Structure formats: C-alpha cells, structure tokens
Amino acid sequence: MQLVTLDEFIAVNQEKHAGATGELSGLLRDISLASKLVQRDLSKAGLVDTILGDTEKTNIQGEEVKKLDEFANRILIKCLQNSGDCCGIASEEEDDFVCFENRLNAKYVVLFDPLDGSSNIDVIAPVGTIFSIFRRVSALGKPCISEDFLQTGDKQIAAGYVIYGSSTMLVYTTGQGVNGFTLDPSIGEFCLSHPDIKTPQGVKSYSANQGNYNTFIDGVKKFIDFCQDSTDKRAYSLRYIGSMVADFHRNLLKGGIYLYPATTDAPKGKLRLMYECNPMAFLQEQAGGKATSGDARILDIHPVTLHQRTPVFIGSSDLVDKVLHFME
Ligand code: AHM
Ligand code: MG
C-alpha cells in the first residue's frame, strides 16, 4: 500500500475544493501536532510521578482534573492560537470560550475535549482527544461571540478524534466520509491506514455502563434485556472500558452501539453535546451509522450552553433503530 501522510491527504483533498484557502487544513495540522505532543507525554504517564496524578482541582462540572488533562488543554490552545487559522476555542476544561484577540481575522472556532476518559490514564487504558470545528457566524475582525460556538452539530465543518491506545490514531471527517491515520512513531507522521471507514451492521455488540441499569428508563432496560437474551444463543457481547473514544472507535470499525442514557443521578445524561456527542455523531453518520438522544438526532439539537449534556445512542444504524424501537 502506498504511504500517504495526513498532510499529503489533506493537501490533495483541499485541492478538490474550489476556493479552499487552506485554513481548515491548517487547523487539522495544528490539532495533529498537538496530539503528537500529548501522545509523547501520555506514553510516559506510567513512569513520571510529577505528570501522573490529580491536580486537586475540579473543572466547572465538578469533576477532578488530572494533570495530563491540563497539559493537553494547554497544548491544544497553544497550537491552535499559534497558527492563526482559529479565532477562538471552547474546551471541556475551560469555564467559558476563549477568544484569541490576536487572531480576529480567522474564520473558524474549535471545540474540544482535550483528554476524554482521563480516569483511564492511571490504568494505562486508551484515552482520546475529541474535536469539532465550526465556521464563525460573527463578523471577521471582531471578537468571537457565544453564537459562534453554540451552533447545531449539522453545521460542523470538520470533526474527529485522536485515540491514544496500542497505537495512536487520528480519525476525522469533513463531511466527505471518514478516514483514519495511524501514527508511525519512527517518522512522527500520521499515515493513512483506514480509508473510507464504514460501520458494519448486523453486529451483536453493545457498550454501556450496565452498572447503571436500575436507573435507566424502561425502553433502555428493555434494549439491554434484549441484548442479554440468550434464547437461540443470540446474546450480544458487552464491550465497555469507560472511555468514550475507545468504546466508540471499536464500534465505528467493528460495528455495535454505544449508549450513555439518562440516569436517575444524571437526568440529562453524562456526556457533553458540544465536546463529545456532536463530533462523534458527525463521524458516525459519515460512516453510515446513526446518533440520537432518544428524542432527536444529535446533530439537530440546538445548544443552549457550552457544557450541556445529552443522553446518547450512537453506532450501527440497525442497533440505534432497535433501541429507538424499544423506547417508543
Ligand atoms: P470525561 O470527559 O470526564 O473523561 O468523562 C467522559 C467519560 C467518557 O469517556 C466515558 O464514556 C464515560 O465518561 C464513562 O462514564 P462512566 O464512568 O459513568 O461509565
Ligand atoms: Mg470527556
């Protein structure tokens, strides 16, 4: 197979779009650079006491922030601000959006979860960076405003994630399918390894925190019961590590469904619309699957606040349809 680096792939695809100015490509390169820096430090996480461990701070959502979360957050901000193609960011680790005052002529805003599934760092299980890119709606040359960020997911220009696992892989879409690039550490380049990813159907696999079963609504319980029904040896496999990027990545490639429904403790669900669900929904639809909150297509939800949460059911379309059927 011919070696195609992420940069080459981006350049070729950019040429296909008349009027493309290279800014979006620049952003994707910034994110890939940041992810290489994150990967470098993550790979030492098991060794270095000063990196691993709690910062003894909590973020706006009351969750513990690990040092590597902060590091990933800082690196992403720095890389995006340096290049000049981004006028502002919103991050799961920041209380509010950040406007880059020295980049007011840039067209794009980027939203991200710098290190998703960070409780997995301590146990050396996969974690990831998730990102979502929108074109700003405010005027060029002015500071960005909350409306630049609070757009429905179907307005995303690009979205993707980097999974830091047994290999590091960057998966993204600009609405022309989904492509995956594996980092070759010997040359420091992401190389095209998974072109045009499509999520299979007919796969009997689900990912959920089943410990919450008693707090799920009836329709979700019925779906889980269906998955566990061993009549005719047709019970489904449960695969869940508690890192959305890892669980989603598995299902994206192999087929299956990831669900994080509302629970009694988290009546709006746990995962964030803007940083986790929207980008994954864009990818999943581009790979032929579906993503819903149970009430609405994820990409149609009108955000009200940056950090808002939503229940999510995402994966192979046959399985998403099935859970919706049980919830009717
Ligand atoms: P985080 O962004 O604070 O890491 O939390 C999000 C994570 C997801 O990656 C994962 O799917 C989910 O929380 C797991 O939650 P739970 O531990 O309740 O199963
Ligand atoms: Mg997260």
Side-chain angles (χ1 to χ4, degrees), residues 28 31 90-92 109-113 116-117 128-135 149-163 169-180 194 196-201 203 205-208 220 223 243-262 266 268-324 327:
L28 292 167
I31 292 167
S91 160
E92 194 185 292
V109 296
V110 183
L111 295 86
F112 52 81
D113 181 350
D116 180 64
T129 297
I130 312 174
F131 62 91
S132 166
I133 301 176
F134 289 94
R135 197 185 302 273
F149 298 89
L150 295 177
Q151 302 191 51
T152 51
D154 63 353
K155 299 270 172 13
Q156 289 173 103
I157 299 292
Y161 60 83
V162 181
I163 178 167
M169 194 167 156
L170 187 150
V171 179
Y172 84 96
T173 184
T174 54
Q176 317 281 323
V178 180
N179 292 285
H194 294 66
D196 197 19
I197 295 169
K198 292 289 173 220
T199 297
Q201 298 201 48
V203 176
S205 179
Y206 70 110
S207 307
V220 178
F223 175 73
S243 175
M244 188 199 199
V245 174
D247 290 314
F248 176 85
H249 183 67
R250 184 179 195 287
N251 294 337
L252 184 78
L253 297 184
K254 296 194 167 224
I257 182 169
Y258 174 95
L259 47 149
Y260 209 109
K268 293 186 173 150
K270 175 181 180 188
L271 299 183
R272 294 78 172 170
L273 174 64
M274 306 306 289
Y275 311 114
E276 289 158 335
C277 299
N278 264 343
M280 295 312 208
F282 189 18
L283 288 160
Q284 187 62 84
E285 288 197 2
Q286 284 293 316
K290 287 189 177 174
T292 174
S293 68
D295 296 324
R297 176 178 173 241
I298 291 288
L299 297 181
D300 287 337
I301 298 175
H302 286 274
V304 179
T305 61
L306 274 177
H307 294 284
Q308 86 185 52
R309 299 170 193 264
T310 176
V312 63
F313 305 85
I314 184 166
S316 304
S317 44
D318 55 338
L319 291 174
V320 175
D321 287 343
K322 179 139 320 252
V323 75
L324 284 173
M327 286 166 73

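If you're wondering where the values come from, they're calculated on a predicted model, not measured in any experiment.
- Checked against salt bridge (Lys or Arg N to Asp or Glu O under 4.0 Å), Asp300 has the following partners two or more places apart in sequence or in another chain: Arg297.
- Here the shortest heavy-atom pairing between Pro311 and Ala262 reads CB-N, 3.8 Å.
- Between atom CG of residue Leu271 and atom CD of residue Gln308 there is a gap of 13.0 Å, rounded to the nearest 0.5 Å.
- What you find for Leu283 and Ala159 is that their closest heavy atoms are CD2-O, 3.8 Å.
- A heavy-atom distance below 4.5 Å is not found between the side chains of Val171 and Ile163.
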- Going through the checks in order, is the side chain to side chain contact (heavy atoms under 4.5 Å, CB included) test met by Leu111 and Phe149? CA-CA 8 Å; Leu111 295 86; Phe149 298 89; 4.0 Å; yes
- Query: What's the verdict on side chain to side chain contact (heavy atoms under 4.5 Å, CB included) for Ile298 and Ile314, showing C-alpha distance, side-chain angles and the deciding distance?
  - Reply: CA-CA 9 Å; Ile298 291 288; Ile314 184 166; over 6 Å; no
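- When all heavy atoms are compared, the tightest approach of Val178 to Ala287 is CG2-N, 3.9 Å.
- Among residues two or more places apart in sequence or in another chain, the ring-ring contact (aromatic ring centres under 6.0 Å, His included) test is passed with Phe134 by none.
- Ile31 is listed as a side-chain neighbour of Val110, based on a closest heavy-atom distance under 4.5 Å.
- The shortest side-chain heavy-atom distance between Phe131 and Pro279 does not fall under the 4.5 Å cut-off.
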- Task: Dump the intermediate steps for side chain to side chain contact (heavy atoms under 4.5 Å, CB included) on Leu306 and Leu150, then the final yes or no.
- Result: CA-CA 7 Å; Leu306 274 177; Leu150 295 177; 4.2 Å; yes
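- The CG atom of Leu273 sits 12.0 Å away from the CZ atom of Arg309 when rounded to the nearest 0.5 Å.
- Partners of Phe248 according to the ring-ring contact (aromatic ring centres under 6.0 Å, His included) rule, which considers only residues two or more places apart in sequence or in another chain, are Tyr161.
- Residues in residues 311-320 take part in these side-chain hydrogen bond (donor to acceptor under 3.5 Å, both in side chains) pairs, two or more places apart or across chains: Gln201-Ser317.
- Counting only N and O atoms by type, the side chains of Ser293 and Asp295 include no donor and acceptor under 3.5 Å apart.
- Between the side chain of Thr199 and the backbone N or O of Leu252, at least one donor-acceptor pair lies under 3.5 Å.
- Taking CD1 of Ile157 as the reference point, atom CD of Gln151 lies at 8.0 Å (rounded to 0.5 Å).
- A tilted orientation is assigned to the rings of Tyr275 and His307, their planes being inclined by 30° to 60°.
- Atom CD of residue Glu285 and atom CD of residue Gln156 lie 10.0 Å apart, to the nearest 0.5 angstrom.
- Using a 4.5 Å heavy-atom cutoff, the side chains of Met280 and Tyr258 are not in contact.
- Judged as a salt bridge (Lys or Arg N to Asp or Glu O under 4.0 Å), and not counting sequence neighbours, the contacts of Lys198 are Asp196.
- Closest approach of Pro200 to Leu253, counting heavy atoms only: CD-O, 3.5 Å.
- Closest of all the heavy-atom pairs between Val203 and Gly255 is CG1-O, 3.6 Å.
- Considering only residues two or more places apart in sequence or on other chains, Asp321 meets the salt bridge (Lys or Arg N to Asp or Glu O under 4.0 Å) condition with Lys290.
- The two residues Ile197 and Gly180 have their closest heavy-atom pair at CD1-N, 4.0 Å.
- Side-chain atoms of Glu276 never come within 3.5 Å of backbone atoms of Met244 as a donor-acceptor pair (strictly under, hydrogens ignored).
- Of the inter-residue distances, the one linking Leu259 atom CG with Tyr206 atom OH reads 9.0 Å to the nearest 0.5 angstrom.
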- Task: Dump the intermediate steps for side chain to side chain contact (heavy atoms under 4.5 Å, CB included) on Leu319 and Val323, then the final yes or no.
- Result: CA-CA 6 Å; Leu319 291 174; Val323 75; over 6 Å; no
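- Between the CG atom in Asn278 and the CG atom in Leu299 there is a gap of 6.0 Å [rounded to 0.5 Å].
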